[in-house]
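These values consider heavy atoms only, across backbone and side chains, with no hydrogens, waters or symmetry-generated copies. Keep in mind that this is a model prediction, so the values were computed, not measured. Lettering follows sequence order; numbering is per chain, from 1.
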Protein chains: 2
Amino acid sequence: MKPTIKDVAKLANVSISTVSRVMNAPETVVETKKLRVLDAIERLKYKPNALARGLIYKKTNTLGVVIPDIRNPYYADIIRGMEDASKMLGYNLIICNTDRDRARLFSYLNNFYEKQVDGILYTSDPVYPDYYKALQRLQMPVVLVSTHSMEYRLPSVKINDEQAAYDAVKYLIDSGHTSIGMIGFHLSDSIAGLPRYEGFARALREHDLDDSKDNVVFVNGWSYDTPDAAAQLIARFPSVTAVFTSSDELAIGLIAYLHEQGIRVPEQISVMGFDNIRWGNLSIPKLTTVAQPTYEIGFRSVMKLNAIIKEQDDSELREYLPHTIIERASAKILKSFSSP
Amino acid sequence: MKPTIKDVAKLANVSISTVSRVMNAPETVVETKKLRVLDAIERLKYKPNALARGLIYKKTNTLGVVIPDIRNPYYADIIRGMEDASKMLGYNLIICNTDRDRARLFSYLNNFYEKQVDGILYTSDPVYPDYYKALQRLQMPVVLVSTHSMEYRLPSVKINDEQAAYDAVKYLIDSGHTSIGMIGFHLSDSIAGLPRYEGFARALREHDLDDSKDNVVFVNGWSYDTPDAAAQLIARFPSVTAVFTSSDELAIGLIAYLHEQGIRVPEQISVMGFDNIRWGNLSIPKLTTVAQPTYEIGFRSVMKLNAIIKEQDDSELREYLPHTIIERASAKILKSFSSP
DNA sequence: TTGAAAGCGCTAACAG
DNA sequence: CTGTTAGCGCTTTCAA
């Protein structure tokens, strides 16, 4: 049996209140007794029961995190950022991977409620109406991470996906490309799908290039059907010299496909990724991509959630962190940039 | 304020015990009351407080997981396996990433204790004496995942690293290679370092090949200094035709380095990885590697921990799951295999 | 400065 | 079948 506060009290020959005091307000207890208690704690290796504490304080210093796909390395750094911020603020993280399963998500959310977590970090997937309702029912502080919602009043932290896609494509255009294709996520995905496509289309439009949807292939979700998509794109748009993809995974898959087809990257086709996952740096050629500040997104989202929990109402509801273009070797520069 | 069992009791006009009963032994309460209670629960959106329950039952249905490096994709599938098994058995996972920081590890272990988790899954790093002492002090069920300990009596589930490395190198030998090098982790790493080197050396020795340490470069930890290591290996062992690496990350880094040097894989040098992470399938060329059953390791470790918690003392202390060689394109076959 | 006692939300005897 | 009561481990009045 684990030692309890009673055991400590008995051993130190004081009341349990005194033991409690040396833990929570040591200055209010006289030196001699404090020493006795400390000694007893040490000898019994006593550690307070967080359940009992949580019952009283009505908080657990625990945050619940739902991740849609833990295998996606994109989340690894988000989690690290969350961890570091949590450590700093004294929280623990319960991380749950839903594998994009609705039932699992709901079950985990319920669990968070029952376990009395202090707040929830909801990662990456669009907030569908029934998800919102579930979140709403819980009546718990939530922050959306790498996703947001325009319909609902939910705090969020992410990058500006439309602008990031725009900048990526503009980089390609500034490099001299005029035949630019895209492999993206389906438009029904309001986070990684639609906005990135819109940024792509806007960049083309603003530079008087062909922005017809024929130059775009949408893939369904995050599966590994890049080869098909790539084949389709090349077939429909044989003159393409640069492809913007909505994720590094798609980009790496595309490069692998092109390699198999004997098409050289970037000599024949340039590839621009999105996310800047670690592996982009080990691909052949190294991936040019737009970097999300993943670690910071994770970090900031915990800070924000903490502010909400502590009711230090923080500035903006929807926060957008800056992205950057990472120039590596998968995109070819046909002409030097026009000007800043 | 969240509704409590009292609120439900009041609304349903019964005692709290009756409410408790409809939740834990519904058959013992008469239909009419049961309906009233269920209705009240629904209307108040009541969910039991897991802290209060945990206090009484002395269990929380929660498992603590420590991961040394969440960015390593190797752990992603382990976690998925753990998740699925946990879901099945009714556990929740608290996942903590230590980034290989001693202090963090200890802090998290303490946290697990205070939060009263039912058991701990300790992942991948060797069990150093002070780690063992910390684990010991906690007096909690533990299973070691992807690591084990010969010094201490600690249950574990992993593959047989020595044999897996042996098989990998034997595959290279059977393919006709006679000049085989290795990039591995330092021998002080008793899991991913020493045993894999030993398997490598045994395979060479048994086939009368040169197993001098000159053909091996050890890297320090999991950092990305593969290029240096690769350069060193080639310099010391210019006639090498095949390299066995102790992880896919090292293998992919090696391939990237060789590509930069204009050395073709597998035509000039064959590369054999270890782990079978997802990205090996997207590298150029696709990575030949030895697959760890990561998902199963995660799954099994939860099953084992559960058995220990429930005191269904399960068979073996140290479990070894089977590995397999995944033949892809990064290792060249110089001659067909001698025989099965 | 300290101890006794109430209570956090829930379960589990124990009567009735 | 159901309500009353004690108690899980801890914090926090309230007196002393």
Q: Take atom CG of N49(B) and atom P of dC10(D), then tell me their distance rounded to the nearest Å.
A: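 Going from N49(B) (CG) to dC10(D) (P), I get 16 Å.
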Q: If we fit an axis to the first five pairs and another to the last five of the helix from dT1(C)-dA16(D) to dG16(C)-dC1(D), what angle do they make, to the nearest 10°?
A: 50°
Q: Measure from CG on L51(A) to P on dC8(D) and round the result to the nearest Å.
A: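 Interatomic distance, CG of L51(A) to P of dC8(D): 14 Å.
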Q: Quick one: list whatever passes side-chain contact (heavy atoms from CB on, under 4.5 Å) with Y152(B), sequence neighbours left out.
A: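 Result, side-chain contact (heavy atoms from CB on, under 4.5 Å) vs Y152(B): V127(B), P129(B), Y132(B), S149(B), L154(B).
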Q: Chain B on DNA chain C: first and last contacting nucleotide, 5' to 3', under 4.0 Å to a heavy atom?
A: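 With heavy atoms of chain B under 4.0 Å away, the range is dC8(C) to dA13(C).
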Q: Go through the structure and list residues passing side-chain hydrogen bond (donor to acceptor under 3.5 Å, both in side chains) with S190(B), not counting sequence neighbours.
A: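 Expected list: none.
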Q: What does the B/S/- profile of nucleotides 11-16 of chain D look like, 5' to 3', with a 4.0 Å heavy-atom cutoff to protein?
A: BBB---
Q: Not counting sequence neighbours, which residues clear ring pair (Phe, Tyr, Trp, His ring centres under 6.0 Å) with Y131(A)? List them please.
A: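 Only F106(A), Y128(A) meet the ring pair (Phe, Tyr, Trp, His ring centres under 6.0 Å) criterion with Y131(A).
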Q: Can you list the residues that meet the side-chain contact (heavy atoms from CB on, under 4.5 Å) rule with I309(B), with sequence neighbours excluded?
A: L63(B), Y91(B), D118(B), P141(B), L305(B)
Q: Is the CD atom of Q312(A) crowded by more than 12 outside heavy atoms at less than 6.0 Å?
A: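 Buried by this count: over 12 neighbours within 6.0 Å.
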Q: Can you sort out the partners of T28(B) under side-chain hydrogen bond (donor to acceptor under 3.5 Å, both in side chains), two or more places apart, ordered by chain and number?
A: none
Q: What pairs with D77(B) under side-chain hydrogen bond (donor to acceptor under 3.5 Å, both in side chains), at least two apart in sequence or on another chain?
A: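 side-chain hydrogen bond (donor to acceptor under 3.5 Å, both in side chains) check on D77(B) returns R80(B).
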Q: Identify, with sequence neighbours excluded, every residue that meets side-chain contact (heavy atoms from CB on, under 4.5 Å) alongside E296(A).
A: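 Checked E296(A) against side-chain contact (heavy atoms from CB on, under 4.5 Å); matches are P293(A), L321(A).
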Q: Nearest-nucleotide wise, let me know which of T4(A) and N13(B) is further upstream toward the 5' end of DNA chain D.
A: N13(B)
Q: Quick one: K34(B) NZ to dC1(D) P, roughly how many Å, whole number?
A: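 Going from K34(B) (NZ) to dC1(D) (P), I get 10 Å.
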Q: For L35(B) and dC1(D), give me the distance from atom CG to atom P, rounded to whole Å.
A: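 My rounded result for the distance is 15 Å.
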Q: Tell me, please, which residues at least two apart from K2(B) pass side-chain contact (heavy atoms from CB on, under 4.5 Å).
A: Y113(A), Q116(A), M140(A)
Q: Take V30(B) and L55(B), find for each the nucleotide of DNA chain D with the closest heavy atom, and name the residue whose nucleotide sits nearer the 5' end.
A: V30(B)
Q: Please state whether the phosphate of dC10(D), meaning OP1 or OP2, lies under 4.0 angstrom from any side-chain nitrogen or oxygen of K6(A).
A: no
Q: Kindly compute the distance separating OG1 (T62(B)) from CD1 (I94(B)), expressed to the nearest 0.5 Å.
A: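 The distance works out to 5.5 Å.
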Q: In chain order, what residues pass the side-chain hydrogen bond (donor to acceptor under 3.5 Å, both in side chains) check against K310(A), with sequence neighbours excluded?
A: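 Listed in chain order: N306(A).
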Q: Give the rounded distance in Å between these two atoms: NZ of K58(A) and P of dC10(D).
A: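 Nearest whole value for this atom pair: 17 Å.
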